[in-house]
Amino acid sequence: MTVAGRTSRDVLIRGIRILGYAIRDEPWVFTVAVAGSVLYSLLIVASAYVVGAVVGTVVVPAFERGEAELGTVLLGAGALLAVSLGRVLGMVGRRIGAGYMQYRLQARYRRRVTRRYLELPLAWHHRHATGALLSHANSDVEAAWFPIAPLPFAVGTLVMLAAALVSLVVTDWVLALVGIAVFPALFTLNVVYSRRMAPRQARAQQMRAQVSAIAHESFDGALVVKTMGQEARETARFAAQAGELRDALIAVGRLRGLFDPMLETLPGLGTLAVLVVGAVRLGQGAVGITELVGVAFLFTVLAFPVRAIGWVLAELPRSVAGWDRLQTVLTASGEMPYGEVTLDADPGRPATLVFDRVSFSYPAGTQPAPATASGDPAPPTAEPAAPVPAPAPPEAVATGAPEPVGTPVLHEVSFTVPAGRTVALVGPTGSGKSTIASLAVRLVDPDAGTVTLDGVDLRSLTADSLATATALVPQVPFVFDDTIRENVTLGRPGITDDDVWAALRLAEADGFVAALPDGLDTVVGERGAALSGGQRQRLTLARALAGRPRLLVLDDATSAVDPRVEAAILAGLRGGRASHDAPVAATGDGRAPAASTPHGPAAPTSILVVAYRRATIALADEVVYVEHGRVVGRGTHHTLLETTPGYAALVTAYERAEAERQRERDAERSEVGA
Amino acid sequence: MTTTASRATAAASPRESTWRTVRRGLALSPELRTGLAGTLGLAVVSMAGRAAVPVAIQQGVDRGLRAPGGPNLDVVAAVVATTAAVLVVTTLCGYLMMRRLFTVSETALANVRVRAFRHVHNLSTLHQQAERRGSLVSRVTSDVDQITQFLQWGGVILLISLGQVVVTTVVMLVYSWQLTLVVFAAFAPAVVVIRLFQRRLAAAYGLVRQRLGAMLAAISESVVGAPVIRAYGVAGRTAARLDRTIDEQRRAQQRAIRISVTSFSTGEIAAGLALAGVVLLGVRLGVGGAIGIGELTAFLFLVTLFIQPVQIATEVLNEAQNAVAGWRRVLDVLDVVPDVADPGEQGVDLPPGPIDVRFVDVCYRYPDGPPVLVDVSVEIPAKSRVAVVGETGSGKTTFAKLLTRLMDPTAGQVLLSGVPLDRVRFASLRSRVVMVPQDGFLFDTTVAENIRFARPELTDEELEHALDELGLGDWVAGLPAGLATPVGERGEALSVGERQLVALARAYVADPDLLVLDEATSAVDPATEVRLQRTLDAVTRGRTTVTIAHRLSTAQAADEVIVVDRGRIVQRGPHEELVRDADSVYGLLYASWLEQTR
């Protein structure tokens with residue numbers, strides 16, 4: 001058992017402190033809930049006495065006299081009813097209060113956590129798995145406030161126990177001793193139960209996560225599983241994990257089976273003890289029958305509420321764990337503050353982007369570097385050595401082999417995108433192209449050097465000014481589960497439907513959007529309207545164009561688009577829009593003013609484009625060639641071909657691949673022929 | 001596609017009664033019935049323990065404390081000793097009952113889970129509609145979890161509570177049938193009211209779940225879309241949207257608890273009425289000599305014992321509804337008939353040797369969708385390398401799916417080596433025909449485990465040998481831990497190109513006679529590209545290969561090109577031949593592609 005001795009006391013203290021924060025956040029709802037609970041609890045104790053009193057003062061005299069006085073009987077019945085109604089009132093206050101408190105806290109912390117997500121820099125986002133961030137906002141918030149639901153009940157129960165003990169002492173001190181023995185025993189049994197249960201439930205939860213991880217992975221890879229006929233093996237893998245979960249759940253169930261009946265029986269045994277002791281005390285004349293019956297009733301009604309304290313204690317470890325995970329988000333630092341300077345927002349005027357000796361390192365542990373292997377290779381059929389559940393526990397995320405120093409990505413990168421020009425950024429995988437793209441729109445800040453737009457350091461621009469002046473179309477398109485219109489405008493003011501259509505046209509997306517059932521109002525990502533990769537890319541491109549940015553950064557943003565369509569898009573951006581039907585002629589220097597295009601012009605803009613295809617490169621005024629985070633060459637395509645061997649090798653690699661294939665095939669044929 | 005079938009069942013299920021679901025569930029898991037009688041017997045005995053204490057008080061008071069001639073301690077001692085013995089026995093029975101219940105139910109549900117998992121793999125929805133994958137995962141995770149969680153908490157409580165109501169009623173009847181009637185009269189209206197609330201409550205909880213889904217979707221968007229939100233400066237709008245979904249979910253929760261509490265208080269009020277009624281009538285009966293003080297006192301205890309379980313059971317019934325709904329969803333998915341079925345015993349094996357392909361008048365259309373392929377007839381000779389080209393949406397991917405029998409044609413026939421594809425046993429088909437999908441999905445394990453996915457019996461030495469044949473020996477040697485390098489979730493520790501290398505090696509090791517490649521579109525850097533091309537050549541050498549080509553360099557290198565346009569084959573032949581007609585579909589595609597690469 002992991003929860004033992006000192007640590008469990010730590011957890012208890014910290015858990016109680018978290019409950020304190022909850023009360024501080026929601027003092028009024030808590031007050032109502034506890035008031036309701038105390039009322040309820042006191043009336044439960046009171047009802048024991050009312051029953052005793054009714055028996056003693058109404059029932060016994062009536063039976064003994066053989067006649068009932070109607071008024072007294074009605075009074076007795078009315079008292080019982082009144083106590084019940086009071087209890088209802090208390091119960092309503094307690095439960096609604098507890099629920100409201102729990103839900104309000106959940107909502108409050110979900111807002112706080114998601115707000116932090118929006119504030120924290122992308123570097124921080126990169127360090128954390130998406131699944132972990134989702135579970136902070138969902139299950140961790142839930143876990144942190146689980147003990148709130150039974151909290152008012154537990155507080156009320158404490159009050160009730162105190163009241164019960166006082167009334168016992170007042171009635172008869174010997175009978176009180178029975179209570180003093182039984183209630184703490186009940187309480188201790190509860191605590192032992194909770195403590196033993198916690199690790200078993202944690203294990204079941206862990207197994208559940210692993211079952212879910214396997215199901216996710218196996219279903220995601222369904223095509224591979226099916227086309228390789230490995231369903232049976234996958235099922236065996238899943239069955240093994242499901243079996244572990246089953247065993248974990250049975251272990252939880254057995255513990256319940258052991259403790260629940262005992263908790264049930266203990267108050268019964270207490271009542272029997274009251275009967276024995278009461279008989280003796282009755283013989284001594286110390287108590288009357290009425291008191292005795294009252295005390296016996298008290299034991300019956302107290303058995304259940306005492307368990308509420310156990311519920312709160314049982315949830316504390318989970319609450320502390322959830323709270324700690326929330327704190328990793330709420331106390332994370334590193335916001336990117338924005339400046340005060342605004343740029344001239346005139347969309348008709350392209351901006352000049354200058355990188356001046358920019359260096360950048362990913363902070364420790366940011367990059368998804370290949371994990372080092374875990375010693376011995378696993379046997380073929382074995383489970384992965386250290387399976388990590390889908391929503392990775394934050395400990396794993398936090399301690400996941402952090403690198404001691406940052407990974408340098410860019411070294412003193414300098415280049416300029418002059419106003420209205422197109423610059424292509426070319427380089428092998430991992431050379432830092434995407435990082436340059438991120439720096440150009442200030443998704444990240446450089447460690448050294450400056451990035452300026454029209455001479456203003458990006459760091460001194462306001463958030464609004466930066467967002468209006470620049471637009472980035474990332475490698476992987478991100479589409480919101482919303483209408484096409486909202487996906488293009490993103491709620492930015494001043495973008496009319498005409499603007500949306502113009503942007504869609506430029507992105508060669510007007511055709512498929514017009515064919516959608518509800519046009520601009522079509523909700524994407526829902527039902528059958530799922531878009532293809534190329535359509536998503538074109539939609540995100542339209543989003544960038546709709547804002548008429550003065551600097552457009554394309555990070556390999558058309559990779560999934562058909563080559564013909566891509567050519568049309570790029571030509572459109574340069575001003576000479578091509579038709580769908582004919583292949584695009586080479587645009588030459590093609591810097592014709594955009595206004596001359598037939599379908600409405602692209603706003604003149606400076607373009608920085610991360611390029612792979614030669615056609616893309618051909619459209620650029622200048623090429624910046626990067627290798628290992630350094631600018632190795634700058635100039636036109638033709639100059640670079642001659643001056644920079646790395647560049648020449650890269651752009652001719654397609655041809656080389658072709659030639660190699662041809663050679664091998666020829667060799668194969670001659671072998672066959674020989 | 002299965003969607004129509006599953007949609008139909010999903011639409012039918014809300015009308016299905018709880019009992020029907022339970023019967024279906026029991027039919028599916030007969031093991032749930034094993035020892036059920038014994039478990040129920042133990043439950044009833046353990047319930048009797050709760051009635052024992054009030055009886056003991058009655059006996060102790062009437063025959064012991066109020067015995068003629070002062071309290072009789074012997075009688076009290078005897079009553080207490082007997083009751084204590086009964087309590088020990090009933091506690092033990094409670095333990096045994098729960099033990100049996102959990103063992104049987106968890107075992108049965110684990111089996112259901114595994115069976116559903118296996119079944120889902122047969123459904124083509126899984127790979128046809130990525131967006132429905134999440135809901136299929138819930139069938140084998142949260143839906144089953146809902147049932148087990150209910151059984152662990154609510155199920156036992158429900159069982160105990162029902163037992164307690166029965167036992168208490170019996171004991172009450174023994175003491176006084178008139179007073180029992182009073183109790184029932186007080187509770188009857190409450191039960192009706194509670195049932196009415198129950199319906200509203202179910203709707204309210206449905207709303208809570210729906211709002212939760214919306215909230216999680218919004219949070220997920222804000223996390224995954226963080227770069228977009230940042231780049232476009234729309235954090236304020238996103239925050240407003242998040243706040244709205246969070247608050248809507250909170251309000252739905254608060255509404256649900258208000259209804260729940262109202263329903264619960266109805267029961268409490270009924271309890272108060274019952275107590276008052278019992279006193280009123282009890283005194284009358286007592287005065288008439290029909291009932292003793294002890295009996296009336298015991299009755300007051302019994303009323304509380306009767307109220308508690310009724311209250312708790314109504315609470316638990318809500319959870320029961322959720323569990324039954326989860327169970328229904330699992331059963332529904334098991335009922336979906338796979339649209340592509342393994343002919344199994346009746347099927348035949350593919351004849352040994354290289355495979356040739358023949359499509360005879362093949363048509364395919366999605367249910368209530370436009371035709372995707374129309375009258376496709378084509379022959380692909382054994383050992384030839386064929387490239388299928390066409391624009392997005394032309395039907396070339398459908399062609400590949402029909403070829404690997406991921407789907408069946410709506411009309412016409414696909415023959416492999418002369419055998420109709422739907423007659424080929426899956427064991428034979430899947431070992432001889434392998435498809436490399438576009439994204440080359442990798443599992444979260446080592447490079448070695450991924451490569452030997454189809455051939456788990458291969459040793460590391462054999463793998464290394466195969467990789468050398470592919471010319472990938474140096475690449476593997478360069479990995480941090482060689483073959484034992486973990487690839488990460490979905491292969492994310494490797495680059496896109498490296499993932500494709502592993503996927504190709506996996507296909508090579510599977511050693512199929514017909515290889516279907518869905519070419520990846522994502523750009524990889526040219527060095528990896530060269531390596532990929534070389535690997536591709538080695539993998540395809542000597543086997544029939546059909547490549548869904550997105551790059552025309554692939555088509556150029558193929559023995560033959562099949563051009564698909566709007567669901568029909570419009571051209572076929574070697575590249576050199578096709579390209580001569582510059583105005584043909586292929587000619588235009590090629591010209592445009594040249595534009596891209598030159």
Side-chain angles (χ1 to χ4, degrees), chain A residues 62-63 68 73 77 80-81 84 88 95 99 103 107 110 114 118 125 133 137 212 215 219 221-224 227-229 231 235 238-239 242 246 249-250 253 257 261 265 268 272 275 279 282-283 370 373 377 380 384 428-429 463 467 472 478 490-491 559 563-564 583 612-615 653 657, chain B residues 53 60 71 76 80 87 91 94-95 98-99 102 106 110 113-114 117-118 121 126-127 137 140-141 219 223 225-226 228 231 233-235 237 242 246 250 253 257 261 265 268 272 275-276 279-280 283 286-287 430 435 437 441 445 454 456 481 484 493 523 525-526 530 533 591-593 596-597:
Chain A
F63 279 36
V73 177
L80 283 174
L81 191 59
S84 281
V88 169
R95 290 191 44 177
Y103 303 145
R110 280 186 176 131
T114 52
L118 294 174
H125 278 264
L133 297 190
S212 166
F219 289 175
L223 207 50
V224 172
T227 55
M228 295 208 158
E231 293 98 330
T235 308
F238 181 78
R246 174 199 60 213
L249 288 173
I250 290 179
T265 306
L272 293 181
L275 203 57
L282 194 71
T429 305
L472 167 75
F478 182 81
L490 290 184
S559 58
R564 261 209 288 179
Y612 276 99
R613 292 172 177 162
R614 291 190 62 170
Chain B
V53 174
V76 172
V80 166
L87 283 182
T91 306
Y95 169 64
M98 283 180 154
R99 220 186 129 106
F102 292 139
E106 292 299 343
R113 208 192 277 269
V114 172
F117 177 88
R118 179 68 188 80
H121 263 301
L126 196 54
H127 48 82
V137 170
V140 300
T141 54
I219 294 176
V223 169
V228 178
V234 289
R237 178 173 174 267
L242 282 167
I246 289 171
R250 174 179 61 83
Q253 283 176 315
I257 201 162
V261 168
S265 47
E268 282 277 338
L275 273 180
V279 168
L280 283 177
V283 170
V287 169
R430 301 299 180 211
M435 179 174 180
F441 185 89
T445 164
D525 69 88
V530 171
Q533 285 301 342
S592 147
W593 181 75
Q596 292 298 307
T597 47

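Heavy atoms only: backbone and side chains are in, while hydrogens, waters and symmetry mates are out. Protein chains get the first letters and strands the later ones, always in sequence-line order, with residue 1 at the start of each.
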Just jot down the side-chain hydrogen bond (donor to acceptor under 3.5 Å, both in side chains) partners of Glu106(B), sequence neighbours excluded, or say none.
Gln152(B)
So, the part of Val223(B) with a heavy atom under 4.5 Å from chain A: the answer is both
Side chain from CB out, backbone as N, CA, C, O: work out which of these in Val234(B) comes under 4.5 Å of a heavy atom of chain A, or both, or neither.
side chain
For chain B, which of [options] has the most heavy-atom pairs under 4.5 Å?
{"options": "Ala137(A), Gly283(A), Gly491(A)", "result": "Gly491(A)"}
{"options": "Gly229(A), Pro261(A), Ala467(A)", "result": "Pro261(A)"}
{"options": "Ala107(A), Ala62(A), Gly99(A)", "result": "Ala107(A)"}

With a 4.5 Å cut-off on heavy-atom pairs, point out which of [options] contacts chain A the most.
{"options": "Glu268(B), Arg99(B), Arg237(B)", "value": "Arg237(B)"}
{"options": "Ile246(B), Thr141(B), Val53(B)", "value": "Ile246(B)"}
{"options": "Arg250(B), Met435(B), Met98(B), Arg430(B)", "value": "Arg430(B)"}
{"options": "Phe102(B), Tyr95(B), Phe117(B)", "value": "Phe117(B)"}

Part of Ala463(A) lying under 4.5 Å from any heavy atom of chain B
neither
Which heavy-atom pair separates Gly272(B) from Ser84(A) by the least distance, and what is that distance?
CA-OG, 3.0 Å
If you compare all heavy atoms of Leu87(B) against all heavy atoms of Gly268(A), which two are closest, and at what distance to 0.1 Å?
CD1-C, 4.0 Å
Under a 4.5 Å cut-off applied to non-hydrogen side-chain atoms, are Val114(B) and Arg118(B) in contact?
no
Please examine the side chains of Val73(A) and Leu280(B), heavy atoms only from C-beta on, and report whether any two atoms are closer than 4.5 Å.
yes
Kindly compute the distance separating CD1 (Ile219(B)) from CG (Leu242(B)), expressed to the nearest 0.5 Å.
6.5 Å
Value rounded to 0.5 Å, distance of CG in Leu282(A) from CG in Leu275(A)
10.0 Å
